[in-house]
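As the structure is a prediction and not an experimental result, all values here were calculated from the model. Both ligands and their constituent atoms are indexed starting at 1 by order of listing.
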Amino acid sequence: MPDHDTSDLFSPYQLGSLTLANRIVMAPLTRSRAGAGDVPTPLMAAYYAQRASAGLIISEASQISPQGKGYIQTPGIYSEAQVAGWRQVTAAVHDQGGKIVCQLWHVGRISHPDLQEDGALPVAPSAVKAVGQVFTGQGMVDMVTPRALTLEEIPGIIADYRQAARNAKAAGFDGVQIHAANGYLLDQFLRDKTNLRTDAYGGSIENRVRLLLEVTDALLEVWDKDRVGVRIAPLSPANDIADSDPEPLFTYVTRQLSARGIGFLDVVEGVTGGPRETGHRFQLATLRPLFKGTYIGNNGYSRELALATRAADHADLIAFGKLFIANPDLVERLRLDAPLNVPDQATFYGGDEHGYTDYSFLDGH
Ligand code: PHB
């Protein structure tokens with residue numbers, strides 16, 4: 001008997017009030033194909049609808065405000081036109097029987113004046129420059145030193161998240177995920193490499209985690225608990241992020257999120273888009289029993305590892321990223337152990353339908 005016949009990976013899963021067709025998640029994937037005004041397009045609706053056999057789709061990261069933008073052509077979730085564009089995406093996914101949540105994003109220091117309104121400096125917990133470059137449309141340019149947010153500005157950031165969560169509801173999403181991973185704004189607050197603040201949002205672990213929890217609480221005013229999730233990447237160095245001691249930090253984060261009863265915690269296991277093993281002594285597996293909601297594992301999963309992870313119950317759901325770019329019918333291919341299309345890196349970001357909606361299905365269309 002093939003191993004999948006005894007696995008629950010391909011069987012329905014109850015995520016709170018949401019019934020998922022299976023335990024396979026499409027991970028959030030930046031594809032930089034939004035239209036003018038960072039509005040989702042009909043082509044994006046077609047792309048997501050093709051992938052609607054995933055038990056759950058987490059949308060590509062979507063900026064909650066113009067200030068939160070860090071890349072060209074990433075979609076927003078703050079303007080009426082963006083909400084209308086997303087409504088077409090969610091309707092197309094729902095028509096195919098899928099479920100989709102919106103990933104809410106503020107990049108913080110991982111931006112550039114060329115991507116900001118009026119050429120403003122990007123904002124961050126502290127004026128600490130990221131080592132790295134950013135693509136602005138004029139090519140790759142060095143990051144700049146961001147401006148530290150004032151204490152008085154923080155309620156406005158939380159209000160932007162709250163409004164984005166309301167917009168996601170108006171756009172027909174099934175829930176929201178807070179992007180607190182990969183070195184973007186909320187992760188910058190979490191970590192002592194990027195957060196040098198001396199006010200209530202810096203210093204102790206409790207203070208550094210405060211903004212994430214206040215954002216979570218704001219979303220819980222808008223959405224039922226089971227429809228709110230958080231994504232973290234405790235051991236990833238993405239976007240020049242680091243913490244002197246991630247274990248107590250993310251243990252606290254996980255316990256606090258669990259106490260709030262949020263629906264799902266999505267963990268990038270290892271280096272984002274890279275190796276799962278980091279050599280760090282902190283074992284991410286210790287987080288799983290601390291969280292009472294749905295635990296999503298992500299990063300570098302193969303079919304075999306996904307089956308083994310379910311067999312050992314090390315995660316409730318398994319998220320696949322790059323494999324979903326190249327395989328719209330990934331669930332069916334995994335179930336049948338069929339060959340997989342290979343993702344083409346050159347078409348990950350920007351461009352048209354090539355490398356986006358033209359990857360073949362098993363039946364050849
Ligand atoms: C990316 O564009 O590669 C990217 C975007 C958002 C992430 C991680 C990676 O959280």
> Heavy-atom contacts with Thr30 under 4.0 Å: which atoms of ligand 1 show up? List them by number with element.
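Going through ligand 1 atom by atom, the ones under 4.0 Å from Thr30 are 2 (O), 5 (C), 6 (C).
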> Look at Arg51 together with Asp329 and state whether they make a salt bridge at an N to O cut-off of under 4.0 Å.
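No.
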> Could you check atom 8 (C) of ligand 1 against the protein and tell me its nearest heavy-atom contact, residue, atom and distance included?
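Of the protein heavy atoms, Asn182 ND2, 3.2 Å lies nearest.
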> For residues Thr347 and Arg31, is any side-chain donor paired with an opposing acceptor at under 3.5 Å?
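No, no side-chain donor-acceptor contact under 3.5 Å.
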> Using ring-ring contact (aromatic ring centres under 6.0 Å, His included) as the criterion, point out the one residue from Phe135, Trp105, Phe348, Tyr349 that pairs with Tyr71.
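That would be Trp105.
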> Can you sort out which atoms of ligand 1 are near His179, meaning under 4.0 Å from one of its heavy atoms?
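Answer, ordered by atom number: 7 (C), 10 (O).
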> Using only heavy-atom distances, determine whether the side chains of Tyr78 and Gln67 contain a donor-acceptor pair under 3.5 Å.
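There is no such pair between these side chains.
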> Looking at Thr90 and Ala171, would you say the former's side chain and the latter's main chain have a donor-acceptor pair under 3.5 Å?
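The answer is yes, because a donor-acceptor pair under 3.5 Å joins these two groups.
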> I need the nearest protein heavy-atom contact for atom 9 (C) of ligand 1: residue, atom name and distance, please.
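Of the protein heavy atoms, Tyr184 OH, 4.2 Å lies nearest.
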> With respect to Tyr349, determine whether any N or O atom, backbone or side chain, lies less than 3.5 Å from an N or O atom of ligand 1.
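In this structure, Tyr349 places an N or O atom under 3.5 Å from an N or O of ligand 1.
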> Quick one: does ligand 1 sit under 4.0 Å from the side chain of Tyr71, the backbone, both or neither, non-hydrogen atoms only?
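For Tyr71, there is no contact with ligand 1 at all, from either part.
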